[in-house]
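In what follows, a structure is listed as structure tokens, so that the remarks can point back to it.
This one's a predicted model, so the numbers in the text were calculated from it and none came from an experiment. Positions are given from 1, in the same order as the sequence printed here. All ligand and atom numbering here is 1-based and tracks the order in the structure.
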Amino acid sequence: MSRKPIIAGNWKMNKTAQESAEFIQAVKDKIPAKDLVDSVVGAPALFLENMTGAVKGTDLQVAAQNCYFEEAGAFTGEISPKALSALGVDYVIIGHSERREYFHETDEDINKKAHAIFRNGMVPIVCCGESLETYDAGQAESFVGKQISAALQGLTKGQVASMVIAYEPIWAIGTGKSATKDDAQKMCAAIRQVVAGDFDQETAESVRIQYGGSVKPENIAEYMACPDVDGALVGGASLQADSFLALLEAVK
Ligand code: 13P
């Protein structure tokens with residue numbers, strides 16, 4: 001089965017509204033056709049309205065970096081998945097290690113968020129990944145497998161088949177120390193096995209799995225050559241228009 005590659009930038013807490021608008025202007029006419037690759041920018045919630053407007057009619061898609069699992073109510077400061085969907089947001093990144101670590105997002109929260117994102121017609125990009133300590137102890141596969149089983153609980157096969165999983169070893173994020181292609185392949189294959197066990201083989205063959213952690217234009221091709229790696233979730237190298245476009249060029 002052939003899975004369409006998906007490259008997603010994760011800007012994290014970077015850029016102003018003005019800078020985000022300049023970025024979209026610089027890239028929007030150079031995005032590869034959507035039938036070749038899904039090209040996504042994950043931006044701070046503050047800019048999403050402008051961005052979904054600016055990408056209309058182009059092949060660029062927009063992701064939020066977080067949302068809450070309730071649609072509305074007394075949840076001061078939270079981001080409604082219903083409101084994101086109404087803005088035309090396509091994807092929501094959930095379970096990033098930074099959110100797990102600094103904002104105490106739990107496996108249960110992530111699972112509820114995945115359900116809420118689907119309820120509101122968007123696609124979750126569910127992040128997982130182990131610490132260096134867990135990696136060194138040889139427990140990466142079992143640790144990540146548990147994160148994925150918990151995140152996907154109660155979803156339908158069809159939902160899982162259509163979603164995106166991002167394997168991001170914490171020790172490779174923002175460190176310049178990217179995982180080897182063998183490690184990335186082994187972990188993405190292991191995640192696919194977990195999906196096959198929890199759902200079925202067909203679902204596992206459909207779900208797209210990204211590698212993330214110090215991905216750059218210079219190394220993306222070696223990850224994309226791995227049979228179980230379907231794309232990348234990219235932090236630092238997604239911030240500049242030139243390097244974001246170079247990532248897409250390397251994949252299409
Ligand atoms: P870097 O590409 O900056 O290592 O960040 C990876 C990441 O956390 C993307 O979500």
Heavy atom of A172, distance to ligand 1 below 4.0 Å
yes

In terms of ring plane angle, is the pair F23 and W11 parallel, tilted or perpendicular, where the classes change at 30° and 60°?
perpendicular

Between E71 and N120, do the side chains contain an N or O donor and an N or O acceptor separated by less than 3.5 Å?
yes

Protein contact of atom 7 (C) of ligand 1 - nearest heavy atom, named by residue and atom, plus distance
E168 OE2, 3.1 Å

Can you tell me if NZ on K181 sees more than 12 non-hydrogen neighbours from other groups inside 6.0 Å?
no

Below 4.0 Å from ligand 1: does a non-hydrogen atom of G212 turn up there or not?
no

Using a 3.5 Å cut-off on N or O atoms only, is N10 in polar contact with ligand 1?
yes

Of the side chain and backbone of A237, name the one, both, or neither that has a heavy atom under 4.0 Å from an atom of ligand 1.
neither

Just by distance, with hydrogens left out, do H96 and E168 show a side-chain donor and acceptor under 3.5 Å apart?
yes

Is there at least one pair of N or O atoms, one from L233 and one from ligand 1, spaced under 3.5 Å apart?
no

Below the 3.5 angstrom mark, is there an N/O of K12, backbone or side chain, next to an N/O of ligand 1?
yes

Who's the nearest protein heavy-atom neighbour of atom 3 (O) of ligand 1, and how far?
G236 N, 2.9 Å

Closest approach of any protein heavy atom to atom 2 (O) of ligand 1, naming residue and atom
G235 N, 2.8 Å

Atoms of ligand 1 under 4.0 Å from any heavy atom of G174, numbered from 1 in the order shown, are 1 (P), 3 (O), 4 (O)

Has the side chain of R100 got a donor or acceptor atom that lies under 3.5 Å from a matching backbone atom of T106?
no

Between N111 and Q153: side-chain donor-acceptor atoms closer than 3.5 Å:
no

Using only heavy-atom distances, determine whether the side chains of Y167 and E130 contain a donor-acceptor pair under 3.5 Å.
yes

